[in-house]
Amino acid sequence: MNLLINGTAKDYSDSCRTVSDLMNRPEWSGRLIIVELNGEIVSRENYEITPLADGDRIEVVHFVGGG
């Protein structure tokens, strides 16, 4: 499945079927993030029930501490 994440096309295996599957990948796991899927913000409680489809556009914003 091809996903466009933060403007970069990436190919993911079929095991990445929901927003939850994607956010549990090592590059996103444990971060404070906001996910936008095809222009709509996905609330954290809906990650597990929000399916991904080939060609979806995803924006992931993560917060970085510092001063």
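Counting begins at 1 with the first residue of the sequence.
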S.K.: Kindly compute the distance separating OG (S15) from CZ (R25), expressed to the nearest 0.5 Å.
M.R.: 7.0 Å
S.K.: Which hydrophobic side chains are connected to M23, either touching it within the sub-4.5 Å cutoff or through other members that do?
M.R.: M1, L3, I5, Y12, V19, L22, W28, I33, V35, L37, V42, Y47, L52, I58, V60
S.K.: Tell me if a side-chain donor or acceptor on T50 pairs with a main-chain N or O of N46 at a distance below 3.5 Å.
M.R.: yes
S.K.: Can you confirm whether E45 is buried at CD, in the sense that more than 12 heavy atoms of other residues, nucleotides or ligands lie under 6.0 Å from that atom?
M.R.: yes
S.K.: Please check this pair: side chain of N38 against backbone of D56, looking for a donor-acceptor N/O pair closer than 3.5 Å.
M.R.: no
S.K.: Tell me whether D21 contacts the main-chain N or O of T18 through its side chain, where contact means a donor paired with an acceptor under 3.5 Å.
M.R.: yes
S.K.: Please round to the nearest 0.5 Å and tell me the distance separating atom CD of E27 and atom NE2 of H62.
M.R.: 11.0 Å
S.K.: Working to the nearest 0.5 Å, report the span between CD1 of I34 and OG of S43.
M.R.: 11.5 Å
S.K.: Could you tell me the separation between the CG atom of L4 and the CG atom of D54, rounded to the nearest 0.5 Å?
M.R.: 11.5 Å
S.K.: So, for R57 and G39, which heavy atoms are closest and what is the spacing to 0.1 Å?
M.R.: NH2-N, 4.4 Å
S.K.: Using a 6.0 Å cut-off, check whether atom CD of E36 has over 12 heavy atoms from anything other than its own residue.
M.R.: yes
